[in-house]
Each structure stands twice: as structure tokens, then as C-alpha cells.
Amino acid sequence: ATTATGGVYTVVSDALGSGQYIARAVVTDKAGNTATTATSSFVVDLGPPTVTMSYPTAGLAVNTATPTFAAHAVDAGTGVASVTFEVAAAVAAPASPTFANACTGTRITGSPADGNWMCAPTSSIGGDGDYVVQAIATDVAGNAATATFVAFTVDTVPPVAPTNVGLTAATDLGTSSTDAITKVTGVTVTGTAEAGSTVRVYDTDGTTELGSVTLASGSTTFSVAVTLTQGTHQITATATDAAGNVSPASTALPTTIDLTAPTVALTYSPPRPVKSGDTLTITATASESLGAAPVISIRGGDVGDGPMTGSGTTWTYSQTVDGGNGTATVTVTGTDVAGNTLTVVSGGSYPVDNVAPRLATVTTSGTAYNGTASVAFTATFSEAVTGVTAADFVVDRGLGIVGVVPVVAGVTGVGTTWTVTVTTTGASGGGDGTSTIGIALDPSAMASIVDVALNPVAIAGPTGTSATYVM
């Protein structure tokens with residue numbers, strides 16, 4: 001059909017399909033003259049764009065009330081002119097969501113054929129809850145298409161901080177399985193956190209991540225294997241929910257990794273060889289606190305085994321010596337708080353002496369004659385002794401000695417050898433070898449002579465070992 005108004009002609013064509021066309025007009029006047037206009041191209045676009053939501057994905061949780069929306073829209077005809085996003089609160093079927101405009105998208109990459117559109121609302125879409133979003137794409141020709149809506153959740157509330165943070169008993173070795181003091185570097189951190197969250201475990205600085213795990217939707221207990229260096233640590237954990245909200249850090253778990261075995265030095269009281277009847281006290285001084293009372297074992301000293309008493313780094317054991325001679329060997333077994341086995345580094349033995357010393361020999365040199373002022377005797381004991389005095393000896397005067405009675409004037413010496421001086425001034429003998437003097441231990445006065453173990457000197461008879469000196 002053709003209509004004319006004031007020389008302007010309008011022609012309505014037959015139905016055209018989508019595509020590109022060229023049009024021209026041919027005019028013929030009443031005299032039969034014709035004229036042809038220039039051509040003009042145009043596009044018939046009867047098809048709507050294709051549009052799909054790309055963000056958020058179905059079921060996604062976001063932690064903002066102004067989330068970013070994205071869609072992919074293409075049009076084979078005139079091209080996409082605009083993409084708008086509409087949001088509605090989620091409703092249960094069969095009800096339909098009531099959508100409202102949220103924002104108008106902007107093409108973000110390349111040519112229109114790329115089809116990526118994005119926007120974010122300038123104001124809140126609402127409080128925390130479940131929502132749906134759809135994208136409406138319109139092409140240049142005015143055809144519009146709506147993407148299938150996508151459900152998502154707005155969640156702006158962070159989880160609570162993880163609780164009950166500790167180490168598994170299998171990795172918390174030593175005295176206690178709950179003190180976080182252990183002798184291994186590979187430990188497993190456990191605790192409780194929001195179901196479905198991702199738990200991250202951090203070292204002392206709160207930023208060095210040691211490990212992480214994502215909990216199942218119905219699980220609230222986490223377990224993360226981590227590796228620590230020797231020393232002290234402050235272990236914390238955070239929980240990140242599906243929306244990306246991060247909880248506060250948990251209360252720090254003081255953790256000690258101790259790989260060093262403790263050492264123990266042993267000392268003894270009294271600090272000398274011991275004998276039967278002595279109370280022996282053994283003190284173990286450790287390089288660090290021990291986890292429990294160490295156990296002492298003694299071989300060769302007739303002192304029983306048993307647990308030591310004390311605390312921390314100082315432990316003692318006391319027992320009465322029953323007998324024995326020689327060297328007693330002492331071992332101490334135990335661990336530090338982390339479970340490292342201790343080692344004895346010094347004092348692993350002590351001497352036991354139940355043999356009494358004796359006067360082994362008494363000798364003189366040369367022969368004195370009448371008028372000699374003094375005589376020197378050498379007294380040799382079977383072992384080193386102390387407490388030797390002049391009062392411990394008596395003069396054994398033989399036949400033929402006349403005049404002043406010889407007496408012990410003094411004793412000098414150390415260890416096993418002692419010199420006993422007898423004054424002979426005023427005493428005389430026959431000079432023919434039949435007149436003699438000697439010395440002997442006095443049984444009534446020799447208790448002061450003792451060895452290093454304080455065993456008193458023994459004597460075989462009333463005069464002991466003596467020697468004679470010819471006057």
C-alpha cells in the first residue's frame with residue numbers, strides 16, 4: 001500500500017524476514033517520465049538477544065548488600081544495546097519473585113561481540129537473606145530477552161572464632177597429651193568451627209598460614225596437619241564462611257616444640273667414699289624441667305633402686321648403705337616434659353669402701369747407741385688415713401733399757417706414710433743388741449685414725465704391728 005501526503009510517499013512492504021536489505025524508489029510522472037532515488041540499506045532484526053547470568057553463580061553466598069552482577073549477552077542482528085539487572089527476594093514456589101531494577105550494566109571488554117556486561121547496585125538490595133537476580137538484554141532493534149534467574153544469598157555476618165583449639169593426643173607427646181608441649185615438629189591442630197567454613201591455622205605472627213581445611217556442611221570439627229620449628233609458638237585459627245566473611249582469630253594456643261634431650265649431672269652427699277651405715281643422698285640436676293620423677297638404678301653399692309623425689313630440675317634420692325666395696329654405677333631414667341629421654345653426663349658412679357685401714361709396717365733405719373736423743377720410726381698404713389697423732393702410739397720398751405723411759409714425742413706425715421719420733425734422752429741400753437725399744441698402736445686411743453670413708457683403723461692384737469730399735 002502507498003499513501004501520499006504533501007508529496008511524501010509512504011510504502012508498506014510485504015512481510016520481510018530478519019536480514020539486511022537495500023531499498024530505492026522509482027518515480028513516474030503522468031507524462032511517463034521516470035526517476036530513481038539512491039539506494040538505502042537497512043536491517044530487519046526480529047530475533048531477541050541471547051543472555052545468561054554469569055555472576056553470581058547459583059547458590060553462591062556473598063558478603064555484601066551491593067554485590068556485583070555479571071551476564072553474557074549476544075545478538076546476531078543489530079547487537080546488544082543494554083543489559084539491566086533485576087533483583088527480588090527469594091520466595092517459595094509456586095509464588096513468583098517480585099523483581100525490581102538493581103542496576104544497568106556496562107560492557108566491560110572488547111567489542112559488542114564479546115558480550116560481557118557488569119554492574120553493582122549503588123544502594124543496598126536488602127538485608128541478609130536469600131535473593132534471585134535476572135538479566136534483561138535489549139538489542140538495538142528493541143528486542144529483549146530475560147536470562148533465567150539465579151538464586152544467591154547475602155551473608156554479612158562473620159563466623160564466631162574457632163574454639164577448643166589444641167593438638168591431637170597422638171602428636172602432643174610427653175608428660176601430658178593436652179599441654180601442647182611435644183618433641184615432634186609435625187603436629188595436628190584440632191578444634192571447633194562453623195560448619196562448612198574454611199579453617200586456616202596461623203603461626204605466632206598471625207599471618208603465616210600453616211595449613212587449612214574446608215569443613216563439610218554438617219561438620220563443625222576441624223583437623224589440620226602442620227609443621228612447626230623447634231621453639232615456642234602461638235597457634236591461632238580463623239574460620240571463613242561461604243560468603244567470605246572471616247571470623248576473629250581464636251584464642252592463641254601456646255605450643256612448644258622441644259627436640260633437645262635433657263642432661264642430668266649427679267652429685268653425692270657425703271662427697272666421699274661411703275661405707276655401711278652411711279646415709280647416701282644422690283642429687284640429680286637436670287638441664288631442664290623433667291616431666292615426672294626420674295627412676296634411679298644403682299649397681300654395686302648395695303643401695304636399692306627407686307624413684308627420686310623433687311620437682312623441676314632438681315631431684316634427690318637417699319638410702320642407707322648396707323655394704324659392698326668398689327665402684328657403684330648409677331643410672332637415671334626419665335624424660336623431659338616433651339618426652340625426650342634424659343642422659344647422665346657426669347657423676348655416674350661413686351666409691352664404696354667397707355675395708356678398714358690397718359698399720360701395715362713399722363720400720364727404722366740404722367742402730368742407735370747410748371746417748372741418742374731420739375729415734376724415728378716409719379709407720380706405713382694399708383691406705384691413706386687421717387687423724388694420726390702421737391697419742392695413737394705407745395713405746396714398747398724391751399729388756400735392758402734403763403734410765404729415763406722413752407716416750408712418743410710427735411708424729412708427722414700424710415696419706416699412708418707417717419714418721420713417729422720417740423725421745424730417748426736419758427735412756428740407755430747395753431749396746432750389745434739385746435736392749436731394744438719399739439712402737440705399737442695403742443688400742444685404747446687409735447679410734448681417731450680413719451680412711452677417706454671414715455672406716456677406723458683395725459688392729460690384729462693388743463700391740464699391733466711394731467718394730468724394734470737396738471739401743
Side-chain angles (χ1 to χ4, degrees), residues 268-278 280 321 323-327 350-471:
Y268 302 88
S269 180
R272 57 167 173 76
V274 291
K275 66 182 188 307
S276 296
D278 285 343
L280 176 65
V321 180
N325 281 291
T327 300
Y350 65 91
V352 180
D353 181 3
N354 278 299
V355 177
R358 60 186 178 81
L359 181 61
T361 61
V362 176
T363 60
T364 61
S365 60
T367 302
Y369 299 94
N370 292 337
T372 300
S374 63
V375 178
F377 292 88
T378 299
T380 303
F381 291 86
S382 59
E383 59 180 294
V385 294
T386 58
V388 182
T389 67
D392 296 317
F393 293 90
V394 294
V395 176
D396 181 13
R397 186 178 63 176
L399 297 174
I401 302 300
V402 297
V404 178
V405 177
V407 295
V408 176
V411 175
T412 60
V414 66
T416 59
T417 304
W418 298 80
T419 299
V420 181
T421 302
V422 176
T423 300
T424 57
T425 301
S428 63
D432 57 2
T434 60
S435 302
T436 62
I437 62 172
I439 62 169
L441 288 172
D442 184 351
S444 64
M446 65 185 185
S448 63
I449 303 176
V450 294
D451 63 13
V452 69
L454 303 185
N455 293 298
V457 70
I459 187 168
T463 59
T465 300
S466 63
T468 59
Y469 194 96
V470 178
M471 295 287 293

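- Contact of the Val394 side chain with the Val408 side chain is not registered, since no non-hydrogen atoms from C-beta on lie closer than 4.5 Å.
- Judged as a salt bridge (Lys or Arg N to Asp or Glu O under 4.0 Å), and not counting sequence neighbours, Asp353 has no contacts.
- When all heavy atoms of Pro357 and Pro456 are compared, the closest pair comes out as CD-O, 3.5 Å.
- The two residues Ser276 and Asn354 make their nearest non-hydrogen contact at N-OD1, 2.6 Å.
- Residues Phe393 and Leu359 approach most closely at CE2-CD2, 4.5 Å, considering heavy atoms.
- Distance alone, capped at 3.5 Å, places no donor-acceptor pair between the Thr380 side chain and the Ala360 backbone.
- Within the structure, no pair that satisfies the side-chain hydrogen bond (donor to acceptor under 3.5 Å, both in side chains) test touches residues 405-416, not counting sequence neighbours.
- At least one side-chain heavy atom of Val411 sits under 4.5 Å from a side-chain heavy atom of Val420.
- Taking all atoms of both residues into account, the shortest heavy-atom contact from Ala376 to Thr364 is O-CG2, 3.9 Å.
- Heavy-atom minimum distance, Asp278 versus Ala453: OD2-O, 4.4 Å.
- Heavy-atom minimum distance, Val452 versus Pro273: CG1-CG, 3.5 Å.
- Atoms CZ and CG, from Arg272 and Leu280 in turn, are 9.5 Å apart once rounded to the nearest 0.5 Å.
- To the nearest 0.5 Å, atoms OG1 (Thr386) and CH2 (Trp418) are separated by 7.0 Å.
- Residues Val355 and Asn455 are not in side-chain contact: their nearest non-hydrogen atoms beyond the backbone lie 4.5 Å or more apart.
- Residues Asp392 and Ser448 meet the side-chain proximity criterion, which asks for heavy atoms closer than 4.5 Å.
- Looking only at side-chain heavy atoms (C-beta outward), Val352 and Val274 come within less than 4.5 Å of each other.
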